[in-house]
Amino acid sequence: MRWTKTLVATLREEPQEAEIISHKLLLRAGLIRRLAGGLYTFLPLGLRALRKVEAIVREEMDRAGALEVLMPALQPAELWEQSDRLTTMGPNMFKLKDRHDRLMTLGPTHEEVITDLVSREISSYRQLPATFYQIQTKFRDEIRPRFGLMRAKEFIMKDAYSFDVSSEAADASYKAMYDAYKRLFARCGLRTKPVEADTGDIGGSSSHEFMVMAEAGEDAVIECSKCSYAANVERAERRVTVAQPAGDTPATLKVDTPDVRTIAAVSAFLKVPPAKLIKTVIYLADNKPVAALVAGDREINEPKLKRALDAKTLEIAPDNIVTEVTDAPVGFAGPVGLSIPIYADLSLTNAADMVTGANAADAHLLHVDLTRDANVTAYRDISVVNAGDACPRCNGELCVARGIEVGHVFKLGTKYTEAFEATYQDESGKAEPIVMGCYGIGVTRVLQAIVEQSHDNNGVIWPVSTAPYAVGLLSLDPSDTAVAATVTELEAQLEAAGIDVLVDDRDERPGVKFKDADLIGFPLRVVVGAKGLAKGFIEIKQRSAVESVFAPPAEALETIQKTINTMLAELTAGQP
RNA sequence: CGGGGAGUAGCGCAGCCUGGUAGCGCGUUUGGUUCGGGACCAAAAGGUCAGGGGUUCGAAUCCCCUCUCCCCGACCA
């Protein structure tokens with residue numbers, strides 16, 4: 001392809017709309033343009049890179065034995081009522097009505113559609129296991145779209161669904177997808193880290209997220225400095241050493257704390273370290289009030305609390321509920337005397353001589369012994385893990401990093417298959433629910449994650465597997481007949497060899513071409529100039545390298561092919 | 001939805017405080033000189049100053065309302 005025949009919309013200056021580097025580069029290198037918040041057009045270069053990622057995903061799904069299908073993006077809302085997700089997923093879904101006033105949704109994911117299909121088409125154990133996948137546009141009414149492709153309202157996702165006769169068999173399907181993911185991301189040039197994750201609204205028993213570690217990532221990841229333990233902060237646990245019962249705490253004492261409400265303020269006012277305070281937060285779990293307790297130097301982990309309560313919905317209670325439940329203004333809640341269920345963090349077991357809100361205006365209680373003075377319903381792990389906490393698996397220390405979630409694999413069990421009566425008959429003719437797994441990859445997000453992980457000050461550094469063009473062929477003197485002939489010949493050779501090449505045939509100064517080539521990030525840059533050619537060579541340079549190699553035009557093709565093959569081999573080295 | 005920032009030429013910005021009828025750089029078009037790391041000279045095109053209302057002889061500028069975009073929190077591939 002010739003530069004002058006396609007649209008290469010590079011930007012010299014940093015676009016004002018972008019904050020993080022990958023977003024800036026996607027715009028500057030001319031891959032995407034914003035239509036509205038969370039909605040992007042893929043320009044020719046961007047679409048090429050996207051197609052490369054899709055092709056890799058497709059190849060690895062096929063290799064793993066998954067079957068490609070394509071399901072409708074537009075779906076009847078009743079389907080979502082059947083799985084009871086119209087409420088849980090509800091606000092995230094785009095809803096519309098057809099001309100017959102029938103409520104439809106734009107699919108944010110496809111568990112319902114695939115399970116409905118499977119319930120109709122699969123009836124025998126002989127048809128299992130089976131895994132289906134698709135690469136398709138998803139729609140989510142995100143609360144806050146951001147960072148370009150990272151969190152968009154419309155995005156491309158690869159979603160796969162496995163169906164098995166038993167949870168043991170499902171584990172094998174899960175493992176197959178997990179391994180396919182590792183290989184697939186490696187082929188895309190991404191370094192990923194699988195971490196234990198929360199299942200969220202999808203549901204199911206356990207899951208792993210594939211994280212691209214990056215400062216710009218939206219997720220906090222907890223990692224052990226010694227062992228391989230890694231988990232999303234929403235899920236992460238820590239080793240808690242439970243205190244012995246104290247027994248000698250003085251009686252509780254109510255003290256005046258006029259308008260002193262926050263942990264920091266109470267700590268300063270009473271001269272007590274935050275760790276000796278108990279933070280009491282009133283939540284509505286499935287619309288019923290509960291109290292959650294953690295030490296004053298910790299935060300409540302809402303996903304963990306939600307799981308501990310086995311609640312469908314969880315939100316901080318509005319002020320009027322807090323006032324009603326605690327009989328005090330907001331800021332003075334405490335566990336003593338509360339009549340609602342109280343869930344305390346595991347680390348508060350046997351906590352004694354603590355400071356809590358008094359459930360009365362402008363007052364706190366000293367010397368609270370949780371076991372003695374409060375009616376705690378249960379002690380559960382409900383606090384956010386902090387850097388420095390103890391690893392739950394070994395004696396190491398935990399640390400915090402950030403990651404971009406590019407893939408997520410779930411063991412779903414029978415949640416959906418039961419809702420849709422997707423059963424199979426076993427050897428004895430007995431109907432059993434099919435055991436399900438689901439597996440997502442944010443294809444458009446992967447594209448941006450690659451850029452986030454692979455760039456320098458001059459622009460993108462594409463892995464050869466996903467670059468819009470593997471080779472940028474710069475014709476420095478397009479009007480020079482020898483140069484033009486050499487370029488045309490090499491272009492034809494490369495295309496015949498199946499290597500993508502973009503020829504910069506513009507009437508521009510060399511500096512402009514070099515800058516654009518670096519910005520776009522061709523893995524290989526091949527330069528043909530009048531001076532070099534007169535000496536009998538052309539220049540070949542890897543984007544990631546400092547040094548160039550020089551070769552006679554006749555050997556250029558072979559050198560380029562070899563280099564590309566080496567780069568491709570490096571991507572899959574060490575993969576299953 | 002809560003908190004913060006911003007909308008002026010295709011892009012990046014100044015002008016606003018202290019009202020007087022819009023400017024700079026880049027890009028674009030034309031001509032010329034250049035030509036291995038974002039050249040130079042000359043000429044030119046290009047603006048509902050986000051939208052609506054108000055104050056005023058006069059509003060990009062002051063006041064009110066609305067919209068959009070970006071950033072921080074709840075959502076997630």
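Values reported hereafter were calculated over all heavy atoms of this structure, with side chains retained and with hydrogens, waters and symmetry mates removed. Each chain gets a letter, A, B and so on, in the order the sequences are listed, and its residues count up from 1.
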(request) Tell me, please, which residues at least two apart from A/Asp141 pass salt bridge (charged side-chain N to carboxylate O under 4.0 Å, His left out). (result) none
(request) Taking atom P in both B/rG52 and B/rG32, compute the distance separating them and give it to the nearest angstrom. (result) 45 Å
(request) For nucleotides B/rC11 and B/rC70, find the distance between their P atoms and express it as a whole number of Å. (result) 15 Å
(message) So, OP1 or OP2 of B/rC76: does either fall under 4.0 Å of a side-chain N or O from A/Arg140?
(response) no
(message) Can you tell me if A/Glu215 has over 12 outside heavy atoms packed within less than 6.0 Å of its CD?
(response) no
(request) On RNA chain B, check which nucleotide each of A/Glu14 and A/Glu142 is closest to and give me the residue with the more 5' one. (result) A/Glu14
(request) List in chain and number order the residues that pass salt bridge (charged side-chain N to carboxylate O under 4.0 Å, His left out) with A/Asp116, two or more places apart in sequence or in another chain; answer none if no residue qualifies. (result) A/Arg120
(request) Considering only atom C1', compute the distance from B/rA6 to B/rC49 and round it to an integer number of Å. (result) 14 Å
(request) Name all residues meeting the salt bridge (charged side-chain N to carboxylate O under 4.0 Å, His left out) criterion together with A/Asp62; count only those two or more places apart in sequence or in a different chain, and write none if there are none. (result) none
(request) Hey, could you give me each pair passing salt bridge (Lys or Arg N to Asp or Glu O under 4.0 Å) that has a residue in residues 32-53 of chain A? Not counting sequence neighbours. (result) A/Glu17-A/Arg34, A/Arg48-A/Asp500, A/Arg51-A/Glu54, A/Lys52-A/Asp500
(message) Could you tell me how far B/rC67 sits from B/rC26 if I compare only their P atoms? Round to whole Å.
(response) 38 Å
(message) Suppose we define a pair by two distances each less than 3.5 Å, Watson-Crick or G-U wobble; what does B/rU34 pair with here?
(response) none
(request) Quote, to the nearest angstrom, the P distance that separates B/rG15 from B/rA50. (result) 15 Å
Just the atom pairs and distances: protein N or O near nucleotides 68-71 of chain B's N or O, under 3.5 Å.
{"unit_1": "B/rC69", "atom_1": "OP1", "unit_2": "A/Gly37", "atom_2": "N", "d": "2.9"}
{"unit_1": "B/rC69", "atom_1": "O3'", "unit_2": "A/Arg34", "atom_2": "NH1", "d": "3.3"}
{"unit_1": "B/rC69", "atom_1": "O2'", "unit_2": "A/Arg34", "atom_2": "NH1", "d": "3.3"}

N/O donor-acceptor pairs under 3.5 Å from side chains in residues 293-305 of chain A, not counting sequence neighbours:
{"unit_1": "A/Arg298", "atom_1": "NH1", "unit_2": "A/Val384", "atom_2": "O", "d": "3.2"}
{"unit_1": "A/Arg298", "atom_1": "NH1", "unit_2": "A/Asp389", "atom_2": "OD2", "d": "2.9"}
{"unit_1": "A/Arg298", "atom_1": "NH2", "unit_2": "A/Asp389", "atom_2": "OD1", "d": "2.7"}
{"unit_1": "A/Arg298", "atom_1": "NH2", "unit_2": "A/Asp389", "atom_2": "OD2", "d": "3.2"}
{"unit_1": "A/Glu299", "atom_1": "OE2", "unit_2": "A/Lys279", "atom_2": "NZ", "d": "3.3"}
{"unit_1": "A/Asn301", "atom_1": "OD1", "unit_2": "A/Lys304", "atom_2": "N", "d": "3.2"}
{"unit_1": "A/Asn301", "atom_1": "ND2", "unit_2": "A/Val233", "atom_2": "O", "d": "2.9"}
{"unit_1": "A/Glu302", "atom_1": "OE2", "unit_2": "A/Tyr283", "atom_2": "OH", "d": "3.0"}
{"unit_1": "A/Lys304", "atom_1": "NZ", "unit_2": "A/Ala236", "atom_2": "O", "d": "2.7"}
{"unit_1": "A/Lys304", "atom_1": "NZ", "unit_2": "A/Asp381", "atom_2": "OD1", "d": "3.0"}
{"unit_1": "A/Lys304", "atom_1": "NZ", "unit_2": "A/Asp381", "atom_2": "OD2", "d": "3.2"}
{"unit_1": "A/Lys304", "atom_1": "NZ", "unit_2": "A/Ser383", "atom_2": "O", "d": "2.9"}

(message) Categorize A/Lys531 for me: base, sugar-phosphate, or nothing, with a 4.0 angstrom heavy-atom threshold over every strand shown.
(response) sugar-phosphate
(request) Take A/Arg151 and A/Arg28, find for each the nucleotide of RNA chain B with the closest heavy atom, and name the residue whose nucleotide sits nearer the 5' end. (result) A/Arg28
(request) Using the C1' atoms only, state how far B/rU61 lies from B/rG23, rounded to an integer number of Å. (result) 15 Å
(message) The criterion is ring-ring contact (aromatic ring centres under 6.0 Å, His included); which residues satisfy it with A/Tyr181, sequence neighbours excluded?
(response) A/Phe185, A/Phe210
(request) May I ask you to say what A/Ala152 touches in the nucleic acid, namely base, sugar-phosphate or nothing, with a heavy-atom cut-off under 4.0 Å? (result) base
(request) Identify whether any heavy atom of A/Val406 sits under 4.0 Å from a base atom; if not, whether one sits that close to sugar-phosphate; answer base, sugar-phosphate or nothing. (result) sugar-phosphate
(request) Could you check which nucleotide pairs with B/rU56 in any of the strands shown, counting Watson-Crick or G-U wobble with both distances under 3.5 Å? (result) none
(request) List in chain and number order the residues that pass salt bridge (charged side-chain N to carboxylate O under 4.0 Å, His left out) with A/Glu196, two or more places apart in sequence or in another chain; answer none if no residue qualifies. (result) A/Arg393
Pairs: protein N or O with nucleotides 26-31 of chain B N or O, under 3.5 Å:
{"unit_1": "B/rG27", "atom_1": "OP1", "unit_2": "A/Arg12", "atom_2": "NH2", "d": "3.3"}

(request) Please work out if A/Arg525 contacts a base, only the sugar-phosphate, or nothing of the nucleic acid, heavy-atom cut-off 4.0 Å. (result) base
(request) Identify which nucleotide among B/rC76, B/rC75, B/rG38 has an atom closest to any side-chain atom of A/Asp219, counting heavy atoms from C-beta outward. (result) B/rC76
(request) List in chain and number order the residues that pass side chain to side chain donor-acceptor pair (under 3.5 Å) with A/Thr444, two or more places apart in sequence or in another chain; answer none if no residue qualifies. (result) none
Close N or O pairs between protein and nucleotides 41-48 of chain B (under 3.5 Å):
none

(request) Return yes when atom CG of A/Asp310 has more than 12 non-hydrogen atoms of other residues, nucleotides or ligands closer than 6.0 Å, and no otherwise. (result) no
Pair up each side-chain donor or acceptor in residues 467-479 of chain A with any protein partner under 3.5 Å, not counting sequence neighbours, and list the distances.
{"unit_1": "A/Asp477", "atom_1": "OD2", "unit_2": "A/Ala530", "atom_2": "N", "d": "2.9"}

